[in-house]
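Notes follow the structure.
Convention: sequence-line order gives letters A, B, ...; per-chain numbering from 1.
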2 protein chains.
Amino acid sequence: MVVSPEPSADYLDGLFGALADATRRDILARVMDAEASVSELAARYPMSFAAVQKHVAVLEQAQLVVKRRDGRTQRVAGNPDAVRRANRLLQQFEEIWRSRVGGLDELLSTSNQGE
Amino acid sequence: MVVSPEPSADYLDGLFGALADATRRDILARVMDAEASVSELAARYPMSFAAVQKHVAVLEQAQLVVKRRDGRTQRVAGNPDAVRRANRLLQQFEEIWRSRVGGLDELLSTSNQGE
DNA sequence: AGGACTTACAACCATTTGGTTGTACGATAG
DNA sequence: CTATCGTACAACCAAATGGTTGTAAGTCCT
């Protein structure tokens, strides 16, 4: 019996993959603090506009960030729910550690990789 | 003023990168529950021994896992501290969200990407 | 209408990643 | 001593990633 409906493996791949880049973590922190347009963000990093645009797209795909069109600009805002979801998965690893019951196999339909 | 000495960008890249793969998350969950040898782990996944070995190496590099030689086998054990560190970073993103002070720039020496 | 600004997206390139097979080597069992 | 088991590691390959430049299109201003 699975206690909570776990996010899919693909979703988690995207989530942690998105967090596995310093530029993207920085962008995420910025837009969690306050919305910003893509060009405002791009101005802060030593790379092309298109590169930053791609990073934002990765964050958006991972649902860590939401885009909202506002006239000719695109406002990027952080999505705390996705952060919380990532957090919860890590807490589950700690849970597993603390309980250490053995016979994990049923529980592991969770971070399932065999489907 | 930075509250806690933040892990380096490279370390975090490795940490989240290691978590961005379903097989590795599964391995991590297993060894958090109970130690296992590399070959015991390899037996559970539909891929070569060498592939699993590489996944374990990635987890080890990220310090999510520790290897300990025992005779001819190699015992792999989970490291809850690394999980906790990842957890803390995510909690900081939520902190940023909750406070939303603006003028984040100083705080962002943290997930720094420009060094 | 025309020009500047913001975004989107395609094409391309180098590097990394995730997998394979094959070889080698130390530790254990006969 | 020899065979086998568990591990390590190199070489190789295809696909994904992170970057680039260039082109096009929508929006705002005059």
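- Contacts of B:Arg68 classified as side chain to side chain donor-acceptor pair (under 3.5 Å), with partners at least two apart in sequence or in another chain: B:Glu35.
- Between the CD atom of B:Glu60 and the P atom of D:dT7 there is a distance of 13 Å, given to the nearest Å.
- Every residue two or more places apart in sequence or in another chain that forms a side chain to side chain contact (heavy atoms under 4.5 Å, CB included) with A:Ala51 is listed here: A:Met47, A:Ser48.
- DNA chain D is contacted by B:Lys67, B:Arg69 of residues 61-69 of chain B, taking any non-hydrogen atom closer than 4.0 Å.
- By the side chain to side chain contact (heavy atoms under 4.5 Å, CB included) test, B:Arg98 pairs with B:Glu94, B:Glu95, sequence neighbours left out.
- Residue B:Gln74 contributes atom CD, which lies 19 Å from atom P of D:dC5 at whole-angstrom precision.
- Residue B:Gln91 places its CD atom among more than 12 non-hydrogen atoms of other residues, nucleotides or ligands, all under 6.0 Å distant.
- Judged as a side chain to side chain contact (heavy atoms under 4.5 Å, CB included), and not counting sequence neighbours, the contacts of A:Lys67 are A:Val56, A:Glu60, A:Gln74, A:Val76.
- Take B:Ala86 and apply the side chain to side chain contact (heavy atoms under 4.5 Å, CB included) test, not counting sequence neighbours, and it matches A:Leu90, B:Leu15, B:Phe16.
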Listed pairs, N/O of protein and of nucleotides 16-23 of chain D, under 3.5 Å:
unit_1	atom_1	unit_2	atom_2	d
D:dG18	OP1	A:Arg24	NH2	3.4
D:dG18	OP2	A:Arg24	NH1	3.2
D:dG19	OP2	A:His55	NE2	2.2
D:dG19	N7	A:Lys54	NZ	3.0
D:dG19	O6	A:Lys54	NZ	2.3
D:dT20	OP1	A:Ser48	N	3.3
D:dT20	OP2	A:Ser48	N	2.8
D:dT20	OP2	A:Ser48	OG	2.5

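- The CZ atom of A:Arg75 sits 15 Å away from the C1' atom of D:dT27 (whole-angstrom rounding).
- One can place CG of A:Asp13 at 18 Å from P of D:dA15, the figure rounded to the nearest angstrom.
- Nearest-nucleotide mapping onto DNA chain D: of A:Gly71 and B:Thr73, the residue sitting toward the 5' end is B:Thr73.
- Under the side chain to side chain donor-acceptor pair (under 3.5 Å) criterion, B:Asn79 pairs with no residue at all, not counting sequence neighbours.
- With sequence neighbours excluded, no residue forms a side chain to side chain donor-acceptor pair (under 3.5 Å) with B:Thr73.
- Whole-Å rounding puts the A:Arg72 CZ to D:dC28 P distance at 7 Å.
- Nucleotide C:dT17 holds its P atom 17 Å from the CD atom of B:Gln53, rounded to whole Å.
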